[in-house]
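Worksheet: one structure, shown below.
Values below: all heavy atoms of this structure, side chains included; hydrogens, waters and symmetry mates excluded. Letters go in sequence order (proteins before strands), and every chain restarts at 1. Source: prediction; values computed, not measured.
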Amino acid sequence: MAKGLPSRSENYSEWYNELVKRADLADNSDVRGCMIIKPYGFAIWEKMQRALDDMFKETGHNNAYFPLFIPKSYLSKEASHVEGFAKECAVITHYRLKNDENGNGVVVDPEAKLEEELIVRPTSETAIWSTYKKWVQSYRDLPILLNQWANVVRWEMRTRIFLRTAEFLWQEGHTAHATRDEAVEETARMLDIYAKFAEEWMAVPVVKGRKTANERFAGAEDTLCIEALMQDGKALQAGTSHFLGQNFAKAFDVKFQSKEGSLEYVWGTSWGVSTRLMGALIMAHSDDQGLVLPPKLAPIHVVIVPIYKGDEQLEQIRQIITPLLNDLKAAGISIKFDDDDQARPGWKFAEYEMKGVPVRVAVGMRDLEQGLIEIARRDTLSKEQRPLEGSAQYIIDLLDEIQSSMHKKALNFREENTTEVNSWDDFTSQIEKGGFISAHWDGTPETEDKIKELTKATIRCIPFDGDACKGKCILTGKPSERRVLFAKAY
RNA sequence: CGGGGUGUAGCGUAGCCCGGUCAUCGCGUCUGCUUUGGGAGCAGAAGGUCGCAAGUUCGAAUCUUGCCACCCCGACCA
């Protein structure tokens, strides 16, 4: 008798942790801060990868692969980049083990010390720009539009499965351009792709905007981001796209000869999304019954649960349901007919709800006598009897309906939890309630730090859309050009 | 790195204050029968270095010390 999840209202973080495990998405590993992504969870990630990869390819990018290890010296070449990552790098110092003379298994062989220590990549800008130096001579070599799917390691103090793990999977795009404008344009283009992916595939509404200097990527001139709001009222950065200016080109001496013959530094961008998106997906939609998946990312769209006594009835149901199965498969719907005799229907219902399968079809003899099936949707937990006849098309439409309805619901939630605030008192009381707060800020890092210190809220972004009216800073009262978006963040 | 907590079967737990038939219970697993429309019932069975190490003691899951791991809160964090 498996019990339900802890409820979101009781203990949100426990709900999240339990859900991740119970829905078979991932496990903690024996290595602190690392995770084992289980087949079901990985299937969702693969769907994300596929959709994103297609969009990258459509915009002219190609995949490549750079090494996991980076020479320590590379990391020190771009000053602010080092500062940003130095504190969380794993370092390889030795290359050999040996048997312990005292018989305690293997130990590091002290004689196998590396001449130059290697860093496990926290991101690959340095490895890639040191290579671009070799690849770029002329304007004809540009642009380079490259992406890689990889794992990276950041030795975080405090980790949370999918949201912040010591090792995670991601894609990192790295492009090189002849002109500033082209790189700026690329930065925006990729942010748009991320936003489109979040909205249309994940059904997660996001705010596009620009990071403040405090929150900017170490080594970037400008960082654009998409920010999503989770059900507990905390914000989650779901993707970033950086305009690197000529910072890395200068650090790694990447120059090209222009059409006019002059020698110029290359302009760069980098952009990434990670397995953190899994966390966003979970926290944006799921409920106390378990995971809720948008159809476009669900590994199984439809599960059919037969309700029967004996093989004969099972066969009968199988035969009657086969045309529906075939029609759905032909339409590209992924479908599971669960004829496992070991588990009872009630158990299966709960199990597929936990795993977020968007549509469940239950078929028993009682329905079949009337030519009916029961169709249940995961997002609303509603169910209805429908005629078997024509149900394939009905289900195909229903999946679309679920996809857009989930997005609407999430958008609604975000709108209800986004508040305009004009006084410090309102700000502090509102920040306790959670959600996005749209407020004026005087534009200085000092004020942003002060607000963070007092309330734990940070500026998530300076949104591209929305109110650009002038006003007065919420803390200092100094003039402000426009409202920015505050929240407590993951 | 600071403050708090936890570590007992695959999972979740009782017992610890007060040392001695205390290794408890539930889920899961196995066997059999009955079941199958919202996490099945009954009967039986298997399963344990009580986180690790040292110490105190006739005797330690229980007391002492040290260590390790994990969780929560802080610090830290694109």
Side-chain angles (χ1 to χ4, degrees), chain A residues 1-6 11-14 16-18 21-22 27-34 80-81 83-89 122-123 125 152 154-161 163-166 168 170 172 210-220 222-227 235-242 244 270-274 276 289-290 305-311 313-314 317 338-355 360-370 372-374 376 381 383 385 452-453 456 458-461 489-490:
Chain A
M1 179 118 27
K3 51 227 170 284
L5 292 169
N11 189 338
Y12 193 82
S13 62
E14 207 178 304
Y16 175 82
N17 287 333
E18 273 295 302
K21 289 184 177 70
R22 293 275 297 279
D27 265 333
N28 287 310
S29 84
D30 294 337
V31 181
R32 197 192 80 88
C34 294
S80 63
H81 191 65
E83 203 177 317
F85 288 107
K87 281 171 287 185
E88 49 187 36
C89 284
T123 176
E125 272 78 5
V152 287
R154 295 177 190 178
W155 215 262
E156 302 284 357
M157 287 285 180
R158 238 172 108 181
T159 58
R160 287 200 68 189
I161 205 156
L163 296 174
R164 175 171 289 113
T165 45
F168 56 92
W170 78 344
E172 45 181 325
R210 167 170 285 113
K211 286 293 186 190
T212 60
N214 282 357
E215 301 277 325
R216 193 180 292 153
F217 173 70
D222 193 13
T223 289
L224 311 183
C225 64
I226 52 172
E227 293 282 329
L236 183 80
Q237 175 179 297
T240 46
S241 184
H242 314 291
L244 302 175
S270 68
W271 26 274
V273 293
S274 71
R276 177 177 245 208
Q289 264 57 246
V305 179
I307 298 155
Y308 62 97
K309 294 176 191 169
D311 289 346
Q313 288 191 1
L314 176 59
I317 291 169
D338 187 353
D339 59 356
D340 180 2
D341 195 35
Q342 302 304 306
R344 276 141 297 281
W347 191 89
K348 290 177 183 173
F349 292 174
E351 185 66 11
Y352 291 115
E353 273 162 18
M354 186 64 78
K355 289 185 149 194
R360 182 187 73 229
V361 174
V363 203
M365 300 315 285
R366 223 155 66 196
D367 306 295
L368 288 187
E369 281 161 17
Q370 306 168 72
L372 298 173
I373 56 175
E374 182 191 88
L381 289 168
K383 53 187 179 184
Q385 302 268 134
K452 183 178 180 184
E453 186 190 321
K456 287 174 194 155
T458 50
I459 298 174
R460 300 323 304 154
C461 70
Y490 273 101

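- The heavy-atom pair separating A/A166 from A/T159 by the smallest distance is N-CG2, 4.1 Å.
- Within the structure, every side-chain polar atom (N or O) of A/K309 is placed at least 4.0 Å from both OP1 and OP2 of B/U35.
- Separating the P atom of B/A23 from that of B/A61 is a span of 10 Å, rounded to the nearest Å.
- Comparing B/C72, B/G39, B/G37 against the side chain of A/A350 picks out B/G39 as the nearest.
- To the nearest angstrom, P of B/C11 lies 11 Å from CG of A/D27.
- A/T223 comes within 4.0 angstrom of nothing in the nucleic acid, heavy atoms only.
- When the C1' atom of B/G39 is taken as reference, atom CZ of A/R22 falls 10 Å away, rounded to whole Å.
- Separation of atoms CZ (A/F168) and CD (A/E156) is listed at 7.5 Å; rounding is to 0.5 Å.
- For the C1' atoms, the distance linking B/C72 with B/U57 amounts to 37 Å, nearest Å.
- B/A43 and B/C50 have their C1' atoms separated by 30 Å, given to the nearest Å.
- Summary of the strand contacts: A/R164 and A/L381 both lie near RNA chain B, and taking for each the nucleotide with the nearest heavy atom, the more 5' one is attributed to A/L381.
- With hydrogens and angles ignored, no donor-acceptor pair closer than 3.5 Å exists between the side chain of A/R158 and the base of B/C76.
- B/C63: Watson-Crick or G-U partner is B/G55, with both key distances under 3.5 Å.
- Here the nucleotide nearest the side chain of A/P345, chosen from B/C77, B/G39, B/G37, is B/G37.
- A 3.5 Å limit on both hydrogen-bonding distances identifies no Watson-Crick or G-U partner for B/C17.
- The distance from atom CH2 of A/W347 to atom C1' of B/G38 is 13 Å, rounded to the nearest whole Å.
- Here the separation of B/G38 from B/G32, taken at their C1' atoms, is 27 Å to the nearest Å.
- Between atom CD of residue A/Q237 and atom CD of residue A/E215 there is a gap of 7.5 Å, rounded to the nearest 0.5 Å.
- Here A/R360 lies in heavy-atom contact (under 4.0 Å) with a base.
- Interatomic distance, A/D367 CG to A/Q385 CD, rounded to the nearest 0.5 Å: 5.0 Å.
- Of the candidate nucleotides B/C77, B/G38, B/G37, B/C77 has the atom nearest to the side chain of A/E88.
- Pair check for B/A23 finds none; no Watson-Crick or G-U wobble contact set falls under 3.5 Å.
- When rounded to the nearest whole Å, the span between NZ of A/K348 and C1' of B/G37 equals 12 Å.
- Not one side-chain nitrogen or oxygen of A/K21 sits closer than 4.0 Å to the OP1 or OP2 atom of B/C11.
- Taking CG from A/L381 and CZ from A/R360, the interatomic distance works out to 8.5 Å, rounded to the nearest 0.5 Å.
- Rounded to whole Å, the P atom of B/G41 lies 15 Å from the corresponding atom of B/U35.
- Applying the Watson-Crick and G-U wobble criteria (two distances, each under 3.5 Å), B/G38 pairs with nothing in any strand.
- Here, B/U8 and B/U24 have their C1' atoms 10 Å apart, quoted to the whole Å.
- Residue-level contact check: A/W155 touches neither bases nor backbone, having no heavy atom under 4.0 Å from any strand.
- At B/G39, none of the side-chain N or O atoms of A/R344 fall inside 4.0 Å of OP1 or OP2 (strictly under the cut-off).
- Listed nucleotides B/G39, B/G38, B/G37 differ in distance to A/E351; the shortest reach to its side chain belongs to B/G39.
- For the pair A/R160 CZ and B/C76 C1', the interatomic distance rounds to 16 Å; values are reported in whole Å.
- Contacts of A/K87 with the nucleic acid, taken as non-hydrogen atoms under 4.0 Å apart, involve only primed sugar atoms and P, OP1 or OP2.
- Within the model, atoms OG1 of A/T458 and CG of A/N214 stand 9.5 Å from one another, a figure rounded to the nearest 0.5 Å.
- Regarding A/F85, its CZ atom lies at a distance of 10 Å from the C1' atom of B/C77, rounded to whole Å.
- A gap of 14 Å separates the C1' atoms of B/A14 and B/A9, to the nearest Å.
- Nucleotide B/C1 forms a pair with B/G74, judged by Watson-Crick or G-U wobble geometry with both contacts under 3.5 Å.
- The pair A/D27-A/K21 does not count as a salt bridge, with every side-chain nitrogen at least 4.0 angstrom from each carboxylate oxygen.
- Rounded to an integer number of Å, the gap from NZ of A/K452 to P of B/C76 is 7 Å.
- Taking atom P in both B/G26 and B/G20, one finds a spacing of 23 Å when rounded to whole Å.
- A distance of 12.0 Å separates CH2 in A/W170 from CZ in A/R276, rounded to the nearest 0.5 Å.
- Pair check for B/A69 finds B/U6; Watson-Crick or G-U wobble, both atom distances under 3.5 Å.
- Comparing A/R460 and A/K383 by the nucleotide of RNA chain B whose heavy atom lies nearest to each, the residue mapping closer to the 5' end is A/K383.
- If you take CG of A/D311 and C1' of B/U36, they are 13 Å apart, rounded to a whole angstrom.
- Across all strands shown, B/G44 forms a Watson-Crick or G-U wobble pair, both distances under 3.5 Å, with B/C30.
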